[in-house]
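See below for the structure under consideration.
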2 protein chains.
Amino acid sequence: MDQIDGKIVRELARDGRISNTELADRIGLSPSACLRRVQELERSGVITGYRAVLNPAAMGRGFVAYVTVGLSDHSKRAQQAFEQAMAGAPQCRECHNITGTREYLLRIEVADLAAYKAFHTDVLGALDHVNALTSYIVMGSPKDERR
Amino acid sequence: MDQIDGKIVRELARDGRISNTELADRIGLSPSACLRRVQELERSGVITGYRAVLNPAAMGRGFVAYVTVGLSDHSKRAQQAFEQAMAGAPQCRECHNITGTREYLLRIEVADLAAYKAFHTDVLGALDHVNALTSYIVMGSPKDERR
DNA sequence: TTTTGCCGTCGATCTGATCCATGGCCGCAA
DNA sequence: TTGCGGCCATGGATCAGATCGACGGCAAAA
């Protein structure tokens, strides 16, 4: 990972479908040298894949909220049950195990407030041991997610 | 956006570099029909781009925390100053304007705890009007981010 | 029944990926 | 100084895939 690799990675993070020829041009390498580096970055796990970026609104995910969740039951069983429920809930896009008095921080993406309320009631409300919730509804992201 | 478009979008979200031929195979369309649909999804803004996915640890971003931030000064000027500071801070990967008593939720990605402390002190600590902070350090993501 | 919207197939063309061989440049160690 | 290893550039050959245009079929809507 030298400076050149850094430039390659930045370019590919910005546009993952750029051709190797074009990439080599921007980096200032020959296509063959550039390709060797990209392949090495993939092989070594620095680049783990390529994804299409989707428009949240078009996917019915325009409403974003973060939710902290505490469990009254701190057993491994209860945690696994909760994590499994989140893994099965399509509205939940991230489920982070965090420090502090709340055990989890969820990122919820749904179409609108009604869908968010439905998630809150039907999914979170249906779970046992969920004893504390704080919702942070996202009003907009000045720094749109750099990914 | 019918069912077929949904399948296309899911495949491309999983692997953004799949060839059109292969994509058409998986969807069950001819390459030409498939290409027509992909181009329409791009044109209409459902697919907004393609990105390489990077290994956080390899990029010095293995340590993740969420931070809620309140501003004592609620003026537009103060908000803009804060947002601009976050836009200029490479450690800050997301800056969400949220409801509630905290105005912002940040996602911070750094190499380790020391770097996090440095961010906290040198970046957040140097800003005016930042009067309340709560950190949620991510211990690992059971449901790794679905993107 | 006619129109409209998709779809599949075919062929032509162009770009790019990938592999290979060759040669230059530079720093390091014998 | 000399030889070696690591990298890079260039150019050729080959193959897969992207892209486009044209044509005909089929089914649902008008």
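The chains referred to below are lettered A, B, ... by the order of the sequence lines, with proteins before strands, and numbering in each begins at 1. Keep in mind the model is a prediction, meaning the values are calculated, not measured.
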Taking the minimum atom-to-atom distance to the side chain of B/Arg37, which one of C/dC6, D/dC7, D/dA9 wins? C/dC6
Would you say that B/Arg61 contacts B/Arg93 through its side chain, given a criterion of any heavy-atom pair below 4.5 Å between the two side chains? yes
Enter the inter-axis angle for the ends of the helix from C/dT1-D/dA30 to C/dA30-D/dT1 (five pairs per end, rounded to 10°). 30°
Are A/Val46 and A/Asp5 side-chain neighbours, meaning at least one heavy-atom pair lies under 4.5 Å? no
To the nearest angstrom, the CD1-P distance between A/Ile8 and D/dC7 comes to 13 Å
Rounded to whole Å, CG of B/Asp2 lies from P of D/dA28 at a distance of 15 Å
NZ/NE/NH1/NH2 to OD/OE distance under 4.0 Å, B/Arg37 and B/Glu40: no
Donor-acceptor contact below 3.5 Å, side chain A/Thr99 vs main chain B/Ile137: yes
From CG of B/Asp25 across to P of C/dG8 the rounded distance in Å is 12 Å
Counting only N and O atoms by type, is there a donor-acceptor contact under 3.5 Å from the side chain of B/Asn55 to the main-chain atoms of A/Gly45? yes
Spacing between A/Ile27 atom CD1 and D/dA9 atom P, to the nearest angstrom: 12 Å
Sub-6.0 Å ring centroid separation between B/His96 and A/Tyr66: yes
Give each protein N/O atom lying under 3.5 Å from an N/O atom of nucleotides 15-21 of chain C, with the pair distance.
residue, atom, partner, partner atom, Å
C/dA17, OP1, A/Asn20, N, 2.5
C/dA17, OP2, A/Asn20, N, 3.4
C/dA17, OP2, A/Thr21, N, 3.4
C/dA17, OP2, A/Thr21, OG1, 3.0

Can you give me every donor-acceptor pair (side chain of residues 118-127 of chain B, partner residue at least two apart or in another chain, under 3.5 Å) with its distance?
residue, atom, partner, partner atom, Å
B/Thr121, OG1, B/Lys117, O, 2.9

Nearest whole Å is fine: how far is D/dC20 C1' from B/Glu40 CD? 17 Å
More than 12 non-hydrogen atoms from neighbouring residues, nucleotides or ligands closer than 6.0 Å to CD on B/Glu22, yes or no? yes
For residues B/Leu54 and A/Thr48, determine if any side-chain heavy atom of one lies less than 4.5 Å from a side-chain heavy atom of the other. no
Report the distance from atom CG of A/Leu29 to atom C1' of C/dC25, rounded to the nearest whole Å. 15 Å
Verify the contact: side-chain N or O of A/Arg17 to OP1 or OP2 of D/dA18, cut-off strictly under 4.0 Å; return yes or no. no
